[in-house]
Every structure is written in C-alpha cells, then in structure tokens.
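As structure tokens, the structure follows; a few thoughts come after it.
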Amino acid sequence: MASTTAAAARHVVALPYPGRGHINPMLALCRLLVAADGSLTVTVVVTEEWQALLASVMLPDRVRLATIPNVTPSERGRGADHAGFVEAVRDKMGEPVERLLDRLELRPEAVLADTFLTWALAAGARRGIPVCSLWTQPATFFLALYHLDLWPPVDGRDSQEELSIKKSLEEYVPVPGLTSIRLSDLKIIRAWERKRPFEIAVEMFADVRKVQCVLFTSFLELEPSAINTIAESLPCPVYPIGPSSALDGDDKIHEEEHREWLDAQPENSVLYVSFGSYIRMPPSQLQEIAMGLRDSGVSFFWVARDKAADVQQMCGDRGLVVPWCEQHKVLCHPSVGGFLSHCGWNSVLEAVYAGVPLLAFPRTWDQLVNARMAADEWKVGIDLRGQKREDGTVTVGRAAISAAVGKLMDSDSGVGQEMRRRAAGLREDSRCAIHEGGSSHRSFTGFLQHLVEGKLNVMKTFQ
Ligand SMILES: O=c1ccn([C@@H]2O[C@H](COP(=O)(O)OP(=O)(O)O[C@H]3O[C@H](CO)[C@@H](O)[C@H](O)[C@H]3O)[C@@H](O)[C@H]2O)c(=O)[nH]1
C-alpha cells in the first residue's frame, strides 16, 4: 500500500484477542499501518505467554509488543475449556490493559481493539482515546449477530415443535443482506442462549454501534451483500481491508523438511489438513479422518499440533504429519491442491488467496457459516457436514471422508474442475482487492485518512 509521511510522531495501541486466529490478522493490520505511515508506531498489547509465542515472528521496528501478566488460561489447552477462556478474557484482561495504557509514554491517538474485547470501548472512552474495532470473522457472520433480534427460535422442546424446527432448519436466516445462510448454521449459537459466550456476543454487538469504525479482514468482492448491508446499517464507517495475510514478497517456506517434501510432490496432488490453532477433534474422529485419508490414496500434509506423533502412527507414510507450519505459504505451494479445514476464517481467507478448494469440516461458531459460503455460495468446496447424522454429533466415518477427498482432489472430474476454476477466480479477486486501486486498498487508504486527519472522536455517551 502507498507510503505517506506525516511530520509528528504518532502512536496507536492495538489490542488483539489472545488467540492465534485473532492475533495474526491484528499483526497483519499493524504491518500495513506502519508500512503506509512512516510516522506511526504501533504498540501491540499481549500476555506474557503470547510474547513468548510470538518470539519467532518477524515484526517491523515500529510494531512493538507490550505485555500484561498471564491473566487468561494458557493458550496450550485453550480448546479444553473454551467458555472458561472467553469468560477470563471478558473479566480479567481489561484492568491490566488499562494500567498499561496509563503507563505509556506517548499518548495513543487511537486504540484498535478486537471486537470481542467488550471492555475496550469503555477503557478508551475513560481516557479520551477513540476506539476502532477489528472483526476477524466474516462480514456475513457479523451481520447475522448484529441482527440477533431477527432470528426465529430453533431450540424447541416438545416433539411437535421439534418436528417443525427440523423442517425449518434448512430455511434461510431472515436477515436482510444474508444470502446463503440457513438456520442450521446458527443453531449451535442459539443453543448457547443463556450461556456466557452468547451473552458476550450480545454485549459485543451493543458496543459495536458506538465505535469509531469497524475494520473487516474480508474483502468486498467476497461478501458484497453482507458488507454493503453492514455499511448501510452501522452508524460509523466500515472498512473491509482483506485478505491481509499476503506473503510480503517472501513466499519461501523456511522449514526445510516441509519445503523439500512439498517440492517432491506433483502439482495439485497434496491435501493440506489443519483444524486451526486450538480446536480439539475427538480421538475417534481423528482416527476416522486418518483412516479416510489412508483409504483415499491421496498424499497429505497434516498439521496435528500436539497430536502429531499419534496421527503419524495412525495414517502410515503416505503423508507428512507436523506439529505446525507456515500455513499461508504451504497453501500457496504448487503441489497443494486441496485443504481439509475446520473453516476458521483466517484459514478460509488464506485458501481463497491461494486459490485452493476446501473440504469443509466446521466445528463451531462462525465455522458453520464459513463452510456454507465456501460450498454453497462460492462453490469452492465440499461441506462434510452433509455426511453427519441429524444430531450433528456423530463421527463422520472414514468412507465418507475418503469419498469426499477423492472428489475434491480429482481434477479430471467435472466437479473438481469447476471448483478449481472458481477457486482460481476468487484468488484473482482477492489479489486485485489488495493491489493499488483495488477495493481493499481503497478502503485501507480511507481508514488511514480517517486516522491521519484526526477525524476520530470519542463517543459522547462516554464523555
Ligand atoms: O500450522 C499452522 C496452523 C495454523 N496457522 C495459522 O493459524 C491461524 C488459524 O486461524 P483460523 O484458521 O481462523 O483458526 P482458529 O485458530 O480456530 O481461529 C479462531 O478464530 C477465527 C477468527 O476469529 C475464527 O474464525 C475461528 O472460528 C476460531 O476458531 C491461521 O492464520 C493459520 O495460518 C499456522 O500458521 N500454522
């Protein structure tokens, strides 16, 4: 993005939610900001644990980490008690962050806060600092949550009601601007009603009406209907600036073992497998996936985190199983032709940027919506959810997995060819969006102007 130089030293504080899927896009935004504005320094506030986890990440000089104590449960094992983690972020992070804000030498002119940090708006307002929000999930899911009031009930109790609910679950969600989302995609969230994550979502969307602007990691061409509807509905500007994890000119995979293994595979022949940074697959499901991959005969590159040794043992030597990799670079390697994914939004955007079709295995929250869009709207994937029994909890069996892998990776079949053609189209759209003159580039420039010209104000309700 274009570089502008302003006279005075300027400072912004970034507050990412403490999870990989949120920190990565916040760091990407910080990189963009300092590259575009030579006078700007960004302080990114993370826990001490996250400072250590980010030790190997290269950051520009003017993006600096500042720490608060480890007030949330450890990132290792976060998936074991997600609700407890969400609650700790809600209740324990605000105070140490506020103390840190008071200690900063250079007063920040704005705070960029993850939308999930419900205490950030009041923290900024108490100090007269404007707050901008970063939403790291799809605009479509944002729009669905913004209109929680329009969702019909879907968790009935008596059998008569359940019958009509089952029938209606495949109906579209009645929120203007949503195109392909069915009630079944949001059922899991409805089921959390009166539970903490749902209450926090309600709080979050009350606050989002009061921030200075909302940045999205999506791009206009990917979700035009949702983004345009949000822009018309919110009282503040909306800036879709993604995809933001572009490779910064360095697309070399640094881990030698990974690079050499991928280099030795034929073009489009490898299925990349990853279920994100913390979600746990039940052992029985892992076993079925491993057997399904083995039976498919397709080569795979599987990121299995702390289960890497077990998984490697389960599925033999047809694939490479590793604890972690440089995902966005691996996806862009020519030998990768498909992605078996839980459909976290960063993974979906990285697949879109790489032009790789998805085998969607959504587990929770926005992932069901993301899988729906990939399979039904953009038609760049197969949704494995269709293989589950109706209660949604039953393990997807090896035969279904093997058949879906075969279908996705068969580039000679009509289905495989069409998905690849569409994925290539989205790849082009995503690259055009971030190049000079593209929709995300223009949007980012607009945000920067908003920042540089000091157009940010603190909400009157908090003054
Ligand atoms: O070996 C790996 C595996 C993952 N990643 C990166 O880790 C991030 C993972 O993010 P995502 O795909 O979004 O998955 P989660 O970590 O599960 O993300 C959480 O946060 C997302 C953004 O808010 C939500 O969309 C998800 O539902 C939620 O689970 C991506 O940037 C990946 O490139 C790596 O770099 N190396």
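Basis for what follows: all heavy atoms, side chains included, without hydrogens, waters or symmetry-related copies. Every number for a ligand or one of its atoms is a count from 1 in the order of the listing.
Closest to atom 12 (O) of ligand 1, if we only count protein heavy atoms, is Ser347 OG, 2.5 Å. Nearest non-hydrogen protein atom to atom 18 (O) of ligand 1 is Gly21 CA, 3.8 Å. Scanning the protein heavy atoms around atom 34 (C) of ligand 1, the nearest turns out to be Trp324 CZ2, 3.1 Å. At the top of the distance list for atom 6 (C) of ligand 1, counting protein heavy atoms only, stands Asn24 ND2, 3.8 Å. Atom 29 (O) of ligand 1 has its closest protein heavy atom at Gln367 NE2, 3.2 Å. Nearest protein heavy-atom contact of atom 16 (O) of ligand 1 is Ser277 OG, 2.4 Å. The protein non-hydrogen atom at the shortest distance from atom 23 (O) of ligand 1 is Thr136 OG1, 2.8 Å.
Listed by number with element, the atoms of ligand 1 under 4.0 angstrom from any heavy atom of Arg20 are 7 (O), 8 (C). Near His342, meaning under 4.0 Å from any of its heavy atoms, are these atoms of ligand 1: 12 (O), 14 (O), 15 (P), 17 (O). Of all atoms in ligand 1, numbered sequentially from 1 with element shown, those under 4.0 Å from a heavy atom of Val303 are 1 (O). The Trp345 neighbourhood of ligand 1 comprises atoms 13 (O), 24 (C), 25 (O), with distances under 4.0 Å to a heavy atom of that residue.
Neither the backbone nor the side chain of Trp365 comes within contact range of ligand 1; no heavy atom lies under 4.0 Å.
Donor-acceptor pairing under 3.5 Å is lacking for the side chains of His333 and Tyr272. There is no side-chain donor-acceptor pair under 3.5 Å between Glu267 and Ser335. A side-chain N or O of Thr140 and one of Glu223 form a donor-acceptor pair less than 3.5 Å apart.
Between His342 and Phe275, a ring centre-to-centre spacing not shorter than 6.0 Å is recorded.
Atom OG1 of Thr217 and atom CH2 of Trp345 lie 7.0 Å apart (nearest 0.5 Å). With values rounded to the nearest 0.5 angstrom, Ile279 atom CD1 is found 8.5 Å from Arg78 atom CZ.
Distances from atom 27 (O) of ligand 1 to the heavy atoms of Asp366, Thr217, Asn346, Val369 show the closest one on Asp366. The option with the heavy atom closest to atom 31 (O) of ligand 1, from among His22, Glu350, Glu326, His328, is Glu350.
Ligand 1 lies within reach of Tyr278, whose nearest heavy atom is under 4.0 Å from it. Within the 4.0 Å heavy-atom cutoff, Cys325 counts among the residues contacting ligand 1.
When all heavy atoms are compared, the tightest approach of Val303 to Trp324 is CG1-CA, 3.9 Å.
For the ring-ring contact (aromatic ring centres under 6.0 Å, His included) with Trp135, the qualifying choice from Tyr239, Tyr146, Phe205 is Phe205, the only one to do so. Partner of Ile181 under the side chain to side chain contact (heavy atoms under 4.5 Å, CB included) criterion, out of Val173, Leu143, Leu368: Val173 alone.
For Arg76, the CZ atom sits in a loose shell: 12 or fewer heavy atoms of surrounding residues, nucleotides or ligands are nearer than 6.0 Å.
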